[in-house]
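Only one structure is covered here, and it is reproduced in the block below.
Whatever order the structure lists them in is the order used to number ligands and atoms, beginning at 1.
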Amino acid sequence: MSKSIAINAGSSSLKFQLFNMPQEEVVAKGLVERIGLENSIFSISYGDDQKYEVVEDIPNHEVAVEKLLEQLVALNIIASFDEITGVGHRVVAGGEIFKDSALVDDTVIQQVEDLAEFAPLHNKAEAIGMRAFKHILPDITSVAVFDTSFHTTMPKKAYLYSVPLEYYKQFKARKYGAHGTSHRYVSHRAAELLGKPIKELKIITCHLGNGASITAVDGGKSVDTSMGFTPLAGVTMGTRSGDIDASLVGFLMNKLNITDINEMVDILNKKSGLLGLSGLSSDMRDIDNASATNEDAKVAMEIFVDRVQKYIGQYIAVMNGVDAIVFTAGIGENSIKIRDLIISGITWFGCDIDKERNNTRSEAIISSDNAKVTVLNIPTNEEVEIARDIERLRKS
Ligand code: ADP
């Protein structure tokens, strides 16, 4: 049986899922955290609820990959490295180069590194992860799967900012979007559940996690998405502001005596959103719990719902219609209340939530039979999409 491993490398972490393919069965999954710091944490869950966890210093991603593979053998999850025939690496920024997932070679790794100016922390770590696998398992199929690829079908009118065109021409300053693998997975799954070819459908996918983005998927193609040049744009998120008037940046820098623009951008990325508004937490569960008694938490939640509704409205206009709206990711999949609030406020568009059907955290149609627009809850699965890409590109 052949196994494939999906890798998601962050600046100080490495997440993985090991699949039996083509069955798409998860054999093991785990996480290395605090890479490069003291007391790194390495955990694997496998089998029937079995868990391995160790705390030790893991100085870099190469060592993390080595330890991970050795431990898979030590725990008898695989008999030898030969069982792993494919690896898929999630990459945050693919720029305009990668319109689809790509087989990894030295040129691709170099290109991923060169794109680091669009996602400094991520792309560098991802390139290191690719090199490490190539070094240890040189002969397996290795693919890079980009968060941005799905959005490369956006037309110019969607991806260009209304600033002097030469900034796009010279510096590639434009909207790239993110979460593409998730939007791709849930939009295709929605078409399957609706029993219709995706080419005939207009779908709005709402990936609402700690990071959140909304995408208009027309005929299977992303035609617009709420994140921008970076993931900072769009709806209100856990710690990111989402869309703001750019003039606010200069105004606040003056008021706060901030001279380094990076410090200001950091505030917008890490101290804003639900956290900044509530002063309590970036986590929607905390906001929800506090909202009954805390006005700031209540308003933070209202703002979150409002921004998602506005993007849904925009994308109905962009596509001149909508057949299905999909909720996914931490908040989208789990918060019955947020889904209800969002859909109950946009009934004019032909949406109608069925409260009983909505009482779920699993894959389901949650709109009523009378609704013109089908609303679905679809847990995302970026890892399986990566594993499928390994199979697809292996055959190409
Ligand atoms: P990330 O972007 O880090 O992958 P996730 O997709 O895991 O994030 O989503 C995390 C968010 O999901 C948090 O805001 C968390 O509060 C929220 N979430 C998880 N479970 C629930 C729940 N039952 N109700 C409301 N929000 C939830």
Side-chain angles (χ1 to χ4, degrees), residues 6-17 29-31 33 45 90-92 119 121-122 125-126 145 147-148 177-186 189 205-215 225-227 230-242 269-292 294 296-298 300-305 307-308 326-343 353 355 358-364 366 377-386:
I7 297 290
N8 185 350
S11 53
S12 66
S13 68
L14 191 138
K15 282 190 218 154
F16 73 92
Q17 258 187 50
K29 56 181 168 184
L31 172 64
E33 294 166 274
S45 47
R90 178 212 178 196
V91 181
V92 166
L121 295 177
H122 284 101
E126 286 145 7
V145 180
D147 272 13
T148 47
H179 292 146
T181 313
S182 174
H183 290 294
R184 171 158 62 115
Y185 173 83
V186 298
R189 187 72 193 128
T205 47
C206 306
H207 178 112
L208 309 179
N210 190 32
S213 66
I214 321 280
T215 297
T225 193
S226 61
M227 282 179 167
T230 72
L232 181 52
V235 298
T236 301
M237 306 179 216
T239 61
R240 296 191 191 113
S241 64
N269 264 312
K270 298 186 183 148
K271 296 188 178 156
S272 301
L274 297 174
L275 174 66
L277 283 166
S278 69
L280 287 174
S281 169
S282 61
D283 193 301
M284 186 57 95
R285 282 165 292 202
D286 299 337
I287 302 291
D288 189 7
N289 289 335
S291 63
N294 181 310
D296 295 342
K298 179 169 158 268
M301 199 154 157
E302 283 172 3
I303 291 175
F304 182 85
V305 169
R307 300 304 190 268
V308 176
V326 182
F327 287 102
T328 195
I331 301 171
E333 291 166 24
N334 295 303
S335 179
I336 294 157
K337 183 170 168 183
I338 295 279
R339 289 197 303 253
D340 190 353
L341 286 169
I342 291 169
I343 297 300
I353 199 144
K355 300 228 184 236
N358 186 39
N359 192 11
T360 183
R361 298 203 159 92
S362 315
E363 195 173 80
I366 57 171
N377 186 38
I378 303 182
T380 195
N381 197 336
E382 289 157 286
E383 292 77 13
V384 89
E385 197 71 5
I386 292 174

> What do the steps show when you test Ser213 against His179 for side chain to side chain donor-acceptor pair (under 3.5 Å), and what is the final call?
Replying inline: CA-CA 7 Å; Ser213 66; His179 292 146; 2.8 Å; yes
Pairs under 3.5 Å, N/O atoms on ligand 1 and on the protein: can you put them in a table with the distances?
| unit_1 | atom_1 | unit_2 | atom_2 | d |
| --- | --- | --- | --- | --- |
| ligand 1 | 2 (O) | Asn210 | N | 3.2 |
| ligand 1 | 2 (O) | Gly211 | N | 3.2 |
| ligand 1 | 6 (O) | Gly330 | N | 2.9 |
| ligand 1 | 8 (O) | Asn210 | N | 3.1 |
| ligand 1 | 9 (O) | Asn210 | N | 3.4 |
| ligand 1 | 12 (O) | Ile331 | N | 3.2 |
| ligand 1 | 14 (O) | Met284 | N | 3.0 |
| ligand 1 | 16 (O) | Asp283 | OD1 | 2.2 |
| ligand 1 | 16 (O) | Met284 | N | 3.0 |
| ligand 1 | 16 (O) | Arg285 | N | 3.2 |
| ligand 1 | 16 (O) | Arg285 | NE | 3.3 |

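Residues Thr205 and His183 bring a donor and an acceptor atom of their side chains to less than 3.5 Å of each other. Judged by distance alone, the side chains of Ser272 and Ser241 never bring a donor and an acceptor atom under 3.5 Å apart. Using modelled atom types, one finds no donor on one side chain facing an acceptor on the other under 3.5 Å when comparing Glu382 with Ser182.
Listed by chain and number, the residues in a side-chain contact (heavy atoms from CB on, under 4.5 Å) with Asp340 are Ser344, Ile353, Lys355, Asn358 (sequence neighbours excluded).
The pair Arg90-Glu126 does not meet the salt-bridge criterion, since no charged nitrogen lies less than 4.0 angstrom from a carboxylate oxygen.
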